[in-house]
Amino acid sequence: MKRWLGWALLAAACGVSAQTLRWTSQGDPQTMDPDSQNESLTNMVNGQIYERLTSRDAKLAIVPGLAASWTQTGPLTWRFKLRPGVKFHDGTPLTADDVVFSVQRAKEPTSQIAVWANAVGTPKKVDDLTVDFQLSTFNPIFLQHIDQLWIMSRKWCETHKVTRPLDFKNKEEAYTALNANGTGPYMLASRQPGIKTVLKRNPNWWNKFEGNVQEVVYMPIATDATRLAALVSGEVDFVLDPAPRDVARLRNTAGVKVIEGPENRLVFIGMDQSRDKLLYGKVPGDRNPFKDVRVRRALYQAIDIEAIRAKLMNGLSVPTGALTPSANASFDDPALQTRLPHDLAAARKLMQEAGFADGFEVTLDCPNNRYINDEEICTALASMWAQLKVKVKVNAMPRVLYFPKLEKYDTSLYLYGWGGSVTDAESILTPLYRSRGDKGVGNYNFGGFRNDKADTLAAQSSVEPDPKKREQLVRGALAELREQVNIIPLHRQVVPWGARASVTAVHRPDNWLELAWVKINP
């Protein structure tokens with residue numbers, strides 16, 4: 001705590017506090033390489049430095065970004081016109097060469113956004129400010145995919161030998177781990193992983209600042225109580241993730257306020273359904289119990305989700321049986337959103353029918369600084385599953401260790417979340433629910449399950465031009481995934497932000513803090 005107080009006193013003495021935003025959350029950005037880790041805090045911090053061809057407004061509508069305009073010139077072709085005069089932070093002009101390079105870079109095997117980069121087809125330079133995209137098959141959400149791709153400087157990447165994304169899961173060291181060069185509203189001034197990341201306002205940004213923040217200091221604080229105390233005392237101005245149990249106190253604390261809204265994010269349980277024997281477990285007969293849909297359904301029905309919502313989340317969650325981050329992506333259809341009932345007797349019967357009446361042992365991998373109450377949720381689930389005689393060891397760890405572990409498919413049972421700005425079902429069907437394939441398909445299917453019927457329907461939906469036919473394909477895929485319980489949905493987060501009363505910020509449904517919109521009032 002003394003470290004944060006000392007920093008605050010220094011800032012005040014220097015007279016910069018009025019236009020310096022000091023903010024925090026429980027974790028830290030993974031890397032400054034925008035293609036290397038597709039994780040929301042990492043994206044959020046990098047998203048102040050790097051930009052995309054398109055952007056999002058406060059309600060997540062797609063608006064022009066580095067591209068001033070675009071047109072669909074045919075069923076399989078798009079043309080983008082870049083803004084003239086845009087420069088990277090090192091002064092290099094943005095050109096079509098940078099766009100082509102960036103899209104191809106994002107397709108590399110070490111990229112965590114390859115599935116979207118491959119979905120936009122092949123980019124081709126027409127002239128310095130014009131890029132065409134040629135698709136091999138129709139893409140019904142092309143603009144949503146384009147909106148996931150960061151634009152980097154080809155010259156800068158070549159100079160620093162970072163023409164492919166950093167291989168984070170294998171602990172590769174590269175220049176992009178600690179350095180950045182984008183076109184965005186803020187420039188990276190310094191980076192001390194786990195300690196402090198400092199951004200400075202870009203005086204040559206092409207766009208208009210709605211806020212007045214000149215400097216941004218991000219400092220991770222792992223402990224809930226310490227984050228809360230730092231906000232209440234004024235040592236930080238903004239907390240991205242106050243603990244749900246602290247929200248009521250914040251509402252009644254002078255000098256601070258709560259900014260909240262539902263997040264477009266599904267939190268769920270994944271299971272290894274590919275191996276014949278679990279990596280981390282002790283099972284009679286050395287079988288993999290998660291290959292049996294009856295076991296998966298039993299675990300689902302043993303979860304008292306209302307107890308989690310009321311007692312653990314303090315009401316700040318929306319329990320769901322849907323398999324999509326957004327209710328809109330499931331067409332607001334109760335048939336696709338209703339949970340299986342909490343029924344312990346039915347769950348025990350299913351376990352008995354599957355030959356696991358006496359249960360088994362398994363390790364549940366869990367982050368402890370990524371989702372709201374993530375470790376606590378895992379502990380609660382372990383207690384609930386104990387009623388089925390399933391002995392669960394909770395293996396909680398920081399996100400910097402957790403995500404590389406999953407990316408190596410080194411897990412038997414895990415807690416995960418998925419969301420962001422894209423509300424279409426495609427955002428989760430292809431990367432998470434498809435069988436693992438090339439070009440990023442199924443990259444996040446860490447359980448390695450195969451659902452051939454859902455896979456076929458999802459693949460068809462990705463290229464179907466007729467909206468009504470596509471809806472039926474998506475509905476069919478989601479229904480099949482629900483029937484086979486390939487994942488166990490838990491809830492959608494409701495995300496409260498904590499801020500000093502002097503801070504004005506826009507709460508987006510993707511839980512994104514846009515620094516260029518933040519105002520600090522005297």
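Taken from CZ in Arg339 to CZ in Arg482, the straight-line distance is 10.0 Å, to the nearest 0.5 Å. The CG atom of Asn181 sits 10.0 Å away from atom CD1 of Ile49, with the distance rounded to the nearest 0.5 Å. Note that CG of Leu350 and CZ of Arg297 are 7.5 Å apart. Values are rounded to the nearest 0.5 Å. In this structure, CG in Asp374 is found 8.5 Å from CD in Gln493, a value given to the nearest 0.5 Å. Atoms CZ and NZ, from Phe449 and Lys291 in turn, are 14.0 Å apart once rounded to the nearest 0.5 Å. The distance from atom CG of Asp438 to atom CG of Asn118, rounded to the nearest 0.5 Å, is 8.0 Å.
Cation-pi contact between Arg436 and Tyr409: present, with separation from the ring centre below 6.0 Å and deviation from the ring axis of at most 45°. Cation-pi geometry between Arg275 and Phe290 is not met at under 6.0 angstrom from the ring centre and within 45 degrees of the axis. A cation-pi arrangement, defined by a distance under 6.0 Å to the six-membered ring centre and an angle within 45 degrees of its axis, is present between Arg52 and Trp150.
At least one donor-acceptor pair closer than 3.5 Å links the side chain of His507 to the backbone N or O of Val495. A donor-acceptor pair under 3.5 Å is absent between the side-chain atoms of Thr137 and the main chain of Val463, judged by distance alone. No side-chain donor-acceptor contact under 3.5 Å links Arg450 to the backbone of Gln273. The backbone N or O of Ser461 lies less than 3.5 Å from a partner atom in the side chain of Arg470, making a donor-acceptor pair. In terms of modelled atom types and a separation under 3.5 Å, the side chain of Gln301 and the main chain of Leu340 share no donor-acceptor contact. At least one donor-acceptor pair closer than 3.5 Å links the side chain of Asn451 to the backbone N or O of Ala454. A donor-acceptor contact shorter than 3.5 Å links the side chain of Asp455 to the backbone of Ser435. Without hydrogens or angle criteria, Ser111 side chain to Ala106 main chain gives a donor-acceptor distance under 3.5 Å.
Between the side chains of Lys81 and Thr130, at least one donor-acceptor pair of N or O atoms lies under 3.5 Å. A donor-acceptor contact closer than 3.5 angstrom is absent between the side chains of Ser412 and Asp272. Inspection of the Trp497 and Asn511 side chains reveals an N or O donor paired with an N or O acceptor under 3.5 Å. Inspection of the Gln460 and Gln472 side chains reveals no N or O donor paired with an N or O acceptor under 3.5 Å.
Val518 and Leu513 make their closest contact through CG2-CD1, 3.8 Å (heavy atoms, listed as atom of the first residue, atom of the second, distance). When all heavy atoms of His491 and Ser317 are compared, the pair lying nearest together is CG-CB, 3.7 Å. Annotation for Pro123 and Lys107: closest pair CD-NZ, 4.4 Å, computed over non-hydrogen atoms.
Between Asp127 and Lys125, no side-chain nitrogen of the basic residue sits less than 4.0 Å from a carboxylate oxygen of the acidic one, so the salt-bridge criterion is not met. Ion pairing between a basic and an acidic side chain is recognised when a charged N comes within 4.0 Å of a carboxylate O; Arg370 and Glu39 show such pairing. Between Lys405 and Asp410 a salt bridge is recorded (basic side-chain N to carboxylate O distance below 4.0 Å). Remark: Asp510 engages Arg508 in a salt bridge, criterion side-chain N to carboxylate O under 4.0 Å. Salt bridge annotation for Arg309-Asp304: absent, with no cationic side-chain nitrogen under 4.0 angstrom from a carboxylate oxygen. At a threshold of 4.0 Å, the pair Arg191-Asp28 counts as salt-bridged, since one of the basic side-chain nitrogens sits closer than that to a carboxylate oxygen. Ion pairing between a basic and an acidic side chain is recognised when a charged N comes within 4.0 Å of a carboxylate O; Arg154 and Asp98 show no such pairing. A salt bridge between Arg294 and Asp292 is present, with a side-chain N of the basic residue lying under 4.0 Å from a carboxylate O of the acidic one.
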*asked:* Show, in sequence, the C-alpha distance, side-chain angles and deciding distance for Arg399 and Gln30, and conclude whether the side-chain contact (heavy atoms from CB on, under 4.5 Å) test is met.
replied: CA-CA 8 Å; Arg399 66 177 82 186; Gln30 308 289 287; 3.0 Å; yes

*Yes or no on ring pair (Phe, Tyr, Trp, His ring centres under 6.0 Å) for Tyr175 and Trp156, after CA distance, side-chain angles and deciding distance?*
CA-CA 10 Å; Tyr175 191 75; Trp156 184 83; 5.6 Å; yes

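Put simply, the residue from Ile487, Leu381, Ile377, Leu299 that forms a side-chain contact (heavy atoms from CB on, under 4.5 Å) with Ile269 is Leu381. When each of Arg164, Arg105, Gln112, Glu172 is checked for a side-chain contact (heavy atoms from CB on, under 4.5 Å) with Asp33, only Arg105 meets the rule.
For Arg475, the CZ atom counts as densely surrounded, since its 6.0 Å shell holds more than 12 non-hydrogen atoms of other residues, nucleotides or ligands. Around the CG atom of Asp452, the shell of radius 6.0 Å holds more than 12 heavy atoms that belong to other residues, nucleotides or ligands. Around atom NZ of Lys87, no more than 12 heavy atoms belonging to other residues, nucleotides or ligands sit under 6.0 Å away.
Ring geometry for Phe268 versus Tyr416: interplanar angle over 60°, hence perpendicular rather than tilted (30 to 60°). Between Phe133 and Phe80, the angle of the ring planes goes over 60°, which puts this pair in the perpendicular group of the 30/60° scheme.
Checked against the 6.0 Å centroid criterion, the rings of Tyr444 and Trp418 qualify as a close aromatic pair.
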